[in-house]
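Read through the structure below, which is laid out as structure tokens, and then see the notes.
Quick note: residue numbers are just sequence positions, from 1. Note: hydrogens, waters and symmetry copies are ignored here, and every other heavy atom, side chains too, is used. We count ligands from 1, going down the list as the structure has it; atoms in each ligand are counted the same way.
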Amino acid sequence: MLQSTLELVSVVIVCLISQPHLLWSSESSPNPKSKQVWSTRVVNTKFGAARGLLFQPKGGYEGVEVFYGLPFASAPIGSLRLMPPVSGSPWSGTKMNTEPAPVCPQVLPNIDNETDALKVMPKGRLAQLKRLLPLLQNQSEDCLYLNVYVPLTGE
Ligand SMILES: *[C@@H]1O[C@H](CO)[C@@H](O)[C@H](O)[C@H]1NC(C)=O
Ligand SMILES: *[C@@H]1O[C@H](CO)[C@@H](O)[C@H](O)[C@H]1NC(C)=O
């Protein structure tokens, strides 16, 4: 079970890296104010149970079950700051996160002035950054979390 979960996680991650269209644009990203639809299944991981949110991306893409903010290591804060990652601890109950966990601290490129931005990057990169930057605003040192996106077809 764990083995297949891990394989699934790596497949999904590879999928997201190789198919950036799967990262929703800000227009179609899940709106926290809209009605949330929870998956009927609970998935068990090595550290605890989680239930995903169901989303139907725009543009005819297949539906996705999204598990936000699953910790994959202990929070690198306090005495663990700047140390190699330490294995996570089990959580109790079922994780039902409605938004992604923060991303790690990073300096984001400034694309406010598109004319200036296009002097230092190609159009495609600018378009990609416009989609990505809204997802990278919430930053914290406590950032060792995965967001797992599972295609709903082919289960
Ligand atoms: C940032 O992430 C934390 C932890 O998930 C969450 O509680 C907080 O609401 C988020 N803040 C913003 C501005 O999205
Ligand atoms: C963007 O920067 C250029 C200078 O590189 C300036 O001429 C232009 O007015 C700026 N555009 C906006 C919308 O601020």
Side-chain angles (χ1 to χ4, degrees), residues 5-6 8-10 12-13 15-17 20-58 61 63-152:
T5 304
L6 287 179
L8 185 59
V9 166
S10 35
V12 170
I13 290 170
C15 202
L16 287 178
I17 292 167
H21 65 268
L22 287 177
L23 287 170
W24 295 296
S25 65
S26 52
E27 303 85 69
S28 62
S29 67
N31 175 359
K33 287 183 190 121
S34 70
K35 193 166 151 273
Q36 280 158 345
V37 182
W38 291 102
S39 173
T40 51
R41 69 170 180 166
V42 169
V43 173
N44 292 303
T45 75
K46 184 177 170 185
F47 296 112
R51 188 188 295 273
L53 279 170
L54 301 180
F55 290 108
Q56 186 60 55
K58 287 179 184 164
Y61 297 114
V64 185
E65 184 179 18
V66 182
F67 300 85
Y68 284 133
L70 301 183
F72 63 89
S74 293
I77 52 178
S79 62
L80 294 180
R81 189 162 191 239
L82 304 179
M83 299 297 285
V86 170
S87 193
S89 42
W91 65 79
S92 58
T94 301
K95 274 206 187 297
M96 294 174 67
N97 294 330
T98 56
E99 56 184 38
V103 299
C104 297
Q106 56 200 286
V107 177
L108 301 174
N110 183 348
I111 57 167
D112 289 348
N113 185 322
E114 291 192 16
T115 313
D116 285 347
L118 286 172
K119 288 177 190 160
V120 293
M121 66 183 75
K123 267 186 177 171
R125 174 69 178 151
L126 178 61
Q128 186 196 32
L129 283 173
K130 281 189 190 172
R131 289 194 303 273
L132 284 180
L133 291 186
L135 306 173
L136 301 176
Q137 299 300 318
N138 199 2
Q139 303 185 0
S140 168
E141 281 190 299
D142 182 2
C143 63
L144 300 185
Y145 299 89
L146 285 175
N147 302 311
V148 179
Y149 302 83
V150 182
L152 285 179

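For ligand 2, none of its N or O atoms has an N or O atom of Thr115 under 3.5 Å away.
At least one heavy atom of Lys119 sits closer than 4.0 Å to an atom of ligand 2.
Here the closest non-hydrogen pair linking Lys130 and Pro134 is O-CD, 3.2 Å.
Within the 4.5 Å cutoff, side-chain heavy atoms of Trp91 are placed close to those of Thr45. Considering only heavy atoms from C-beta on, Leu108 comes within 4.5 Å of Gln106 through its side chain.
Below 4.0 Å from some heavy atom of Asn113 lie the following atoms of ligand 2, by number and element: 1 (C), 2 (O), 3 (C), 8 (C), 10 (C), 11 (N), 12 (C), 14 (O).
Partners of Arg51 under the side chain to side chain donor-acceptor pair (under 3.5 Å) rule, at least two apart in sequence or in another chain, do not exist in this structure. Applying the salt bridge (charged side-chain N to carboxylate O under 4.0 Å, His left out) rule to Asp116 yields the partners Lys119; only residues at least two apart in sequence or on another chain are considered.
Ring geometry, Tyr68 versus Tyr149: the interplanar angle exceeds 60°, so the pair is classed perpendicular (tilted spans 30 to 60°).
A salt bridge (Lys or Arg N to Asp or Glu O under 4.0 Å) check over residues 67-90, counting only residues at least two apart or in different chains, returns the pairs Arg81-Glu141.
Ligand 1 is surrounded by Glu99, Pro100, Pro102, Asn138, each with at least one heavy atom closer than 4.0 Å.
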